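Here the structure comes first, spelled out in structure tokens, and everything after it is commentary.
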Amino acid sequence: MKHEDEQDQPHQPPSARPQSLMFSFLGIYVLGRGTAVYSGSVIDVFARLGVSEEAVRSTLTRMAKRNLLTRHRQGKKVYFGLTEHATDVLDDGRRHVWETGAVNRDWDGTWTLVGFSLPGNERSTRHDLRSQLIWAGFGPLQGGLWIAPGVKDVESMLAPLGLGDNVTVLQAQAYKPTESADLVRKAFDTDQIAERYRVFLDRWDTAHPLPSATDDLARQLFLHTDWLQLVRQDPRLPAEHLPADWPAIRAEKLFHTLAHRYEHSAAQLAESVLDELPLRP
């Protein structure tokens with residue numbers, strides 16, 4: 001837990017790893033455009049965010065090694081484009097932000113259950129599995145049993161991990177004496193989820209958000225990164241088992257309002273900075 005003097009301050013940009021900011025940048029300014037961007041112009045954009053040239057170059061290099069970016073040379077310049085894998089990742093993030101929504105209003109009472117048992121020497125695999133489950137909206141109910149509201153495509157999500165018989169996947173509904181509200185309470189820390197949205201609202205729900213940010217391009221990238229980190233951690237619990245004043249509802253409306261407010265001015269700034277290379281289909 002952060003000490004009080006280390007907490008993100010509402011008037012300051014949210015703390016975010018360069019890679020998280022890079023995903024936001026790529027999702028807005030590279031995804032679906034059929035282009036690659038010159039590394040020097042990416043450095044110029046990230047300077048507006050207070051990210052150093054060294055950190056940007058290191059992030060681009062790591063993402064290329066992870067099969068997320070491809071290099072394209074033109075003269076002495078190196079441009080970076082998206083791999084198919086990166087496109088899939090960014091499309092998934094886009095759906096979380098724009099289509100899925102922060103609150104589950106159409107839940108039919110179905111739960112997806114994932115049980116797993118891994119040998120003690122599989123710590124890395126266990127970590128990857130838990131990360132995937134959290135990203136997909138699962139919470140730990142007991143022992144190695146995780147649950148999520150709704151029907152989840154667990155097979156495709158976990159296929160890359162190659163867990164085989166170490167994982168059991170079921171779909172079920174709660175029956176008395178078990179209540180769905182109790183499952184929500186046991187498997188998910190709703191107080192913590194709500195607090196994340198309140199922090200978001202404290203930072204962004206003002207007349208002039210992030211006055212210390214350089215310009216609207218910086219605010220746009222901070223906003224999208226902040227919001228994506230929120231929705232990635234949100235299991236989208238059934239609305240019927242959440243308080244009427246659930247802060248995610250107001251936060252989601254605010255995000256859409258601000259995203260629209262920054263879109264035009266940020267795009268103009270990006271166009272003046274970015275050096276793009278059209279890629280052949």
Side-chain angles (χ1 to χ4, degrees), residues 2 5-94 97 200 203-204 208-230 232 258-259 261-279:
K2 294 181 180 179
D5 59 354
E6 295 175 320
Q7 294 279 2
D8 293 341
Q9 298 300 313
H11 62 282
Q12 294 293 331
S15 57
R17 295 169 54 211
Q19 181 169 290
S20 298
L21 291 165
M22 187 67 73
F23 273 117
S24 293
F25 166 76
L26 295 170
I28 298 171
Y29 292 109
V30 182
L31 179 66
R33 296 167 70 99
T35 61
V37 287
Y38 170 47
S39 59
S41 64
V42 178
I43 289 168
D44 290 342
V45 169
F46 275 68
R48 298 165 182 261
L49 310 177
V51 180
S52 70
E53 176 178 345
E54 180 183 3
V56 175
R57 292 192 184 280
S58 176
T59 299
L60 292 172
T61 298
R62 285 199 307 271
M63 293 180 75
K65 288 181 178 178
R66 292 175 54 203
N67 190 35
L68 292 166
L69 296 175
T70 56
R71 290 184 175 89
H72 305 267
R73 291 189 178 274
Q74 188 174 71
K76 294 182 178 180
K77 292 183 177 181
V78 177
Y79 293 74
F80 286 88
L82 303 178
T83 64
E84 184 176 345
H85 176 46
T87 298
D88 291 342
V89 171
L90 293 171
D91 271 333
D92 187 49
R94 178 190 56 78
V97 169
F200 179 89
R203 174 177 293 115
W204 294 102
H208 303 287
L210 294 194
S212 62
T214 306
D215 50 37
D216 281 354
L217 176 56
R219 291 186 186 92
Q220 180 194 51
L221 293 173
F222 281 128
L223 172 71
H224 279 254
T225 302
D226 208 6
W227 183 249
L228 182 57
Q229 289 178 336
L230 260 183
R232 285 189 65 170
L258 292 178
R261 179 189 301 177
Y262 299 142
E263 183 176 12
H264 180 67
S265 55
Q268 287 185 317
L269 290 166
E271 185 177 359
S272 70
V273 175
L274 291 177
D275 177 358
E276 298 176 277
L277 176 70
L279 300 177

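Nothing here was measured: the structure is a model prediction, and the numbers come from that model. No hydrogens, no waters, no symmetry mates; every other heavy atom, side chains included, goes into these values.
Shown are Leu217, Leu49, Leu31, Leu221; of these, the side chain to side chain contact (heavy atoms under 4.5 Å, CB included) with Phe25 is made only by Leu221.
Atom CZ of Arg48 is separated from atom CZ of Phe222 by 12.5 Å, given to the nearest 0.5 angstrom. The line from CD of Gln19 to CG of Leu26 is 10.0 Å long, rounded to the nearest 0.5 Å. Atom OG1 of Thr87 and atom CG of Leu68 lie 10.0 Å apart (nearest 0.5 Å). Between atom CG of residue Leu258 and atom CG of residue Asp216 there is a gap of 10.0 Å, rounded to the nearest 0.5 Å. Rounded to the nearest 0.5 Å, atoms CZ (Arg219) and CZ (Arg261) are 10.0 Å apart.
Inspection of the Ser58 and Arg62 side chains reveals an N or O donor paired with an N or O acceptor under 3.5 Å.
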TODO: Check the pair Val30 / Phe80 against side chain to side chain contact (heavy atoms under 4.5 Å, CB included), numbers first and verdict last.
DONE: CA-CA 9 Å; Val30 182; Phe80 286 88; over 6 Å; no

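The number of heavy atoms from other shown groups lying within 6.0 Å of CD (Gln268) is above 12.
Between Phe23 and Val89, the closest side-chain pair of non-hydrogen atoms falls below 4.5 Å. For the pair Leu82 and Leu69, the minimum side-chain heavy-atom distance is below 4.5 Å. Between Tyr29 and Val45, every side-chain heavy-atom pair lies at or beyond the 4.5 Å cut-off.
Nearest heavy atoms, His72 versus Gly81: CD2-N, 3.9 Å.
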